[in-house]
Asks: 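The structure follows.
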There are 2 protein chains.
Amino acid sequence: MSGPAAPRRPRRHDPGRRDRLIDAALTVIAERGVAGTTHREIARVADVPLGSVTYHFASLEEVLREAFTRHAEAAAQVFDRRLSAVRDRDAAVEAVISLVAEDLLGSQDDLVLAVELYVAAARNPVLRAVTQAWMQRSRRALERHFDPTTARQLDALIEGLVLHSALSTDPMTPGQIRQAIERYLR
Amino acid sequence: MSGPAAPRRPRRHDPGRRDRLIDAALTVIAERGVAGTTHREIARVADVPLGSVTYHFASLEEVLREAFTRHAEAAAQVFDRRLSAVRDRDAAVEAVISLVAEDLLGSQDDLVLAVELYVAAARNPVLRAVTQAWMQRSRRALERHFDPTTARQLDALIEGLVLHSALSTDPMTPGQIRQAIERYLR
DNA sequence: GGGGAATGTGTACATCCGTACACATAATAT
DNA sequence: ATATTATGTGTACGGATGTACACATTCCCC
């Protein structure tokens, strides 16, 4: 150990601190869950004093709302972009498959955040609105290539595949994902 | 108002109190979520003093584990019973459809408990084991009538349909549930 | 029926949380 | 340059929570 380790917190007046706090909140939610998300934990992760969080946000709910909104926005955007880049239905099917396979094998955090949002939405009207906006947007993206009924059912199937796989001991392989989706779409 | 309303808590020495506490815990989880589940709230719902909860359970986690285990057991049993009562595949499909439609239109609590269990399982190894046992059991039930791959994918589809419908503004109709399942099973 | 074990109860305590708020510092307008 | 505002910081407080524990009551076996 080398001395008392300077506390060193000279980072006064940085713009964009609010943004960093939202990112820190998402990190905390993914790591400890909504239940473990506190002002103090967010401040610790963002390396700012406690008072800074209460200054930038009127309440914890406001932090959660902004964090989940940002996450949903980003996720929906990925969905949108991939599906708007293809023209025919076959390519759309491939896009959906690779999307799911990547979301699955990719960031585990994304799934955790989704589930955390679901349970939070079950009791918080504001977060429920965020969830519904997210769902609606991904459905709209699917409706570029599939009829509304198919889009909705396909959305549900995707959700189930991701959730089921993430909680299972042996995750589904990309091949199984492909098979399930193709079997539904025929 | 008629008087000071007798506090009246003469219920000393009732066997099965532990069971009632587990039921009370499930009620609390469904109403307030895992995050809102505390010793005191469980005691309040079960109408017993605080000390009684800490006497019967070593920790809050033990209460949650027992509660979720009981719920998963009951849910899996329903699944089992319905699917073991039919013989041919067509009847099995109908059983699955009515199962989902009833779980959907029926107890909203069941869905909430499922989602709460999912998020709790994401961070608690003990609860993850409970979840996996539950999943395995429902898969086994499906495997009575479908091959393993189909059973797993169908399980995921069911999960997605239920979850998606419950969080949406306009829930899916039984007809839409039927269509989605039939479309997957062809 | 007596004594030890099991079960039940009330209180107390250390800890953590959200939030409030007084004060400090930097940015900006005049 | 000065005044006004925006931003940042540290501390404090009331409330809730998990758990420990001393004491009461009932059960059960002899």
Side-chain angles (χ1 to χ4, degrees), chain A residues 4-29 31-68 116 120 123-124 126-127, chain B residues 4-29 31-68 116 120 123-124 126-127:
Chain A
R8 199 95 50 92
R9 188 178 299 166
R11 202 183 298 134
R12 291 189 66 120
H13 282 269
D14 59 332
R17 168 173 293 195
R18 198 170 192 279
D19 273 350
R20 284 196 304 116
L21 283 176
I22 294 176
D23 284 339
L26 281 173
T27 301
V28 174
I29 295 170
E31 279 179 359
R32 322 259 179 179
V34 169
T37 302
T38 67
H39 284 118
R40 287 168 175 84
E41 189 65 13
I42 295 170
R44 197 186 61 80
V45 169
D47 190 31
V48 300
L50 168 62
S52 186
V53 183
T54 65
Y55 171 73
H56 284 286
F57 303 92
S59 69
L60 240 196
E61 177 181 313
E62 186 177 316
V63 187
L64 292 177
R65 172 166 47 83
E66 300 237 9
F68 277 126
E116 290 286 346
R123 271 175 205 86
N124 188 322
V126 175
L127 297 181
Chain B
R8 201 92 52 91
R9 187 178 301 169
R11 203 183 297 135
R12 290 187 69 118
H13 282 268
D14 60 331
R17 168 174 294 195
R18 198 170 192 277
D19 273 351
R20 285 197 300 116
L21 283 175
I22 295 175
D23 284 338
L26 281 173
T27 301
V28 174
I29 295 170
E31 279 179 358
R32 322 258 179 181
V34 170
T37 301
T38 68
H39 284 118
R40 286 168 177 83
E41 189 67 11
I42 294 170
R44 197 186 61 78
V45 169
D47 191 31
V48 299
L50 168 61
S52 186
V53 184
T54 65
Y55 172 73
H56 284 286
F57 303 92
S59 68
L60 241 196
E61 175 181 314
E62 186 178 315
V63 187
L64 293 177
R65 172 165 46 84
E66 301 238 8
F68 277 126
E116 291 285 346
R123 267 170 210 92
N124 188 321
V126 175
L127 297 181

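Every chain is numbered from 1, with letters handed out A, B, ... down the list of sequences. Computation of the quantities below employed the complete heavy-atom set of this structure, encompassing side-chain atoms and omitting hydrogens, waters and symmetry-equivalent molecules.
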Asks: Only counting residues at least two apart or in another chain, list the ones meeting salt bridge (charged side-chain N to carboxylate O under 4.0 Å, His left out) with A:Glu66.
Replies: A:Arg18
Asks: Using side-chain hydrogen bond (donor to acceptor under 3.5 Å, both in side chains) as the criterion, list what pairs up with B:Ser52, not counting sequence neighbours.
Replies: B:Arg17
Asks: Just the rounded figure in Å: distance from P of C:dA26 to OH of A:Tyr55.
Replies: 15 Å
Asks: For B:Glu61, enumerate each residue passing the salt bridge (charged side-chain N to carboxylate O under 4.0 Å, His left out) test, keeping only those at least two apart in sequence or located in another chain.
Replies: none
Asks: Specify the closest pair of heavy atoms between A:Ala46 and A:Ala24, including all atoms of both residues, with the distance to one decimal.
Replies: CB-CB, 3.7 Å
Asks: To the nearest Å, how far apart are A:Leu21 CG and D:dT7 P?
Replies: 13 Å
Asks: Using whole Å, report how far CZ of B:Phe57 lies from P of D:dA20.
Replies: 16 Å
Asks: Apply side chain to side chain contact (heavy atoms under 4.5 Å, CB included) to B:Ala67 and list each qualifying residue two or more places apart in sequence or on a separate chain.
Replies: B:Ile22, B:Ala25, B:Leu26, B:Ile29
Asks: May I have the distance from A:Glu41 (atom CD) to C:dC16 (atom P), rounded to whole angstrom?
Replies: 12 Å
Asks: Measure CD1/A:Ile42 against C1'/C:dG18 and give the value in whole Å, please.
Replies: 12 Å
Asks: Think A:Arg17 has a side-chain N or O under 4.0 angstrom from the OP1 or OP2 of D:dA6?
Replies: no
Asks: How many Å lie between CZ on A:Arg18 and P on D:dA6, as a whole number?
Replies: 15 Å
Asks: Taking only residues two or more places apart in sequence, or in another chain, which ones meet A:Arg40 in a salt bridge (charged side-chain N to carboxylate O under 4.0 Å, His left out)?
Replies: none
Asks: For nucleotides 12-19 of chain D, read 5' to 3', which letter fits each nucleotide if B means a protein heavy atom sits under 4.0 Å from the base, S means only the sugar-phosphate is that close, and - means neither?
Replies: B----BBB
